[in-house]
Amino acid sequence: VFVEEQEIARHGAWEYLVTLRDSFVPEAWAFWRVGLREPLPTIALPLTPDVAPVPLDLQAAFTRCYDANYIARRVNYAREIAVPPFTPEDAAWADALLRGAGLR
């Protein structure tokens, strides 16, 4: 864990969390709170101390990896296995999304 949970909790609630730690400045960290229904953020990815950070669209990277590796064929979307468990509203939203995609 890069950032202690209680430190992040001081900034408000979150469903999911993206964290980033700069290996050249170990005490420097960043985090983004992400809701289930939100796309993953674009983050500023540090490369080296003498090069400006570059934008990384995490949602685009995730989607490309998901599609390129045929993840939909490997995951049993009929099972309810979310960790942490979805709220009833989010479970209904996810079910409708999966049914619309033909995965349920």
Side-chain angles (χ1 to χ4, degrees):
V1 172
F2 293 129
V3 184
E4 295 297 323
E5 192 170 318
Q6 61 269 24
E7 174 65 21
I8 298 167
R10 292 184 322 129
H11 298 276
W14 73 93
E15 290 177 312
Y16 297 94
L17 198 62
V18 173
T19 60
L20 177 71
R21 185 173 175 183
D22 186 335
S23 64
F24 293 100
V25 187
E27 65 279 0
W29 52 270
F31 63 90
W32 296 261
R33 294 181 298 265
V34 182
L36 175 66
R37 301 180 197 201
E38 301 171 29
L40 293 171
T42 296
I43 65 172
L45 186 64
L47 298 178
T48 64
D50 58 331
V51 174
V54 296
L56 174 60
D57 182 338
L58 291 177
Q59 187 63 57
F62 178 88
T63 300
R64 182 168 181 170
C65 291
Y66 181 92
D67 293 344
N69 291 290
Y70 306 101
I71 302 300
R73 292 187 205 166
R74 298 178 186 188
V75 175
N76 179 358
Y77 286 107
R79 293 180 26 203
E80 306 268 341
I81 58 169
V83 177
F86 291 159
T87 64
E89 296 82 12
D90 284 342
W93 171 82
D95 183 63
L97 191 68
L98 291 168
R99 288 182 191 283
L103 296 169
R104 278 201 176 159

Could you go through residues 92-101 and list every donor-acceptor pair under 3.5 Å that involves a side-chain atom there, pairing it with any protein atom two or more places apart or in another chain?
{"from": "D95", "atom 1": "OD1", "to": "R99", "atom 2": "NE", "distance (Å)": "3.2"}
{"from": "D95", "atom 1": "OD1", "to": "R104", "atom 2": "NH1", "distance (Å)": "2.8"}
{"from": "D95", "atom 1": "OD2", "to": "R99", "atom 2": "NE", "distance (Å)": "2.8"}

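- Pairing each heavy atom of A44 with each of L20, the nearest pair is O-CD2, 3.4 Å.
- Summarising the geometry of F24 relative to L47, their closest heavy-atom pair is CE1-O, 3.1 Å, with the distance given to 0.1 Å.
- Between V18 and P41, the closest heavy-atom pair is CG2-CD, 4.2 Å.
- A search for side chain to side chain donor-acceptor pair (under 3.5 Å) contacts involving Y16 returns nothing, not counting sequence neighbours.
- Considering all non-hydrogen atoms of both residues, A91 and F86 come closest at N-CB, 3.7 Å.
- Contacts of R74 classified as salt bridge (charged side-chain N to carboxylate O under 4.0 Å, His left out), with partners at least two apart in sequence or in another chain: none.
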Only distances under 3.5 Å count here; give the side-chain donor-acceptor pairs of residues 57-65 to other protein atoms, sequence neighbours excluded, each with its distance to 0.1 Å.
{"from": "D57", "atom 1": "OD1", "to": "Q59", "atom 2": "N", "distance (Å)": "3.1"}
{"from": "D57", "atom 1": "OD1", "to": "A60", "atom 2": "N", "distance (Å)": "3.0"}
{"from": "Q59", "atom 1": "OE1", "to": "L40", "atom 2": "N", "distance (Å)": "2.8"}
{"from": "Q59", "atom 1": "NE2", "to": "T63", "atom 2": "OG1", "distance (Å)": "3.2"}
{"from": "T63", "atom 1": "OG1", "to": "Q59", "atom 2": "O", "distance (Å)": "2.9"}

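- Annotation for V34 and P39: closest pair CG1-O, 4.0 Å, computed over non-hydrogen atoms.
- With I43 as the partner, the side chain to side chain contact (heavy atoms under 4.5 Å, CB included) test is satisfied by one option alone out of L56, T19, V54: L56.
- Between P46 and D22, the closest side-chain pair of non-hydrogen atoms falls below 4.5 Å.
- Residues satisfying the side-chain contact (heavy atoms from CB on, under 4.5 Å) criterion with R73, sequence neighbours excluded, are Y70.
- Within the structure, salt bridge (Lys or Arg N to Asp or Glu O under 4.0 Å) contacts touching residues 28-53 (residues at least two apart or in different chains) are R37-D90.
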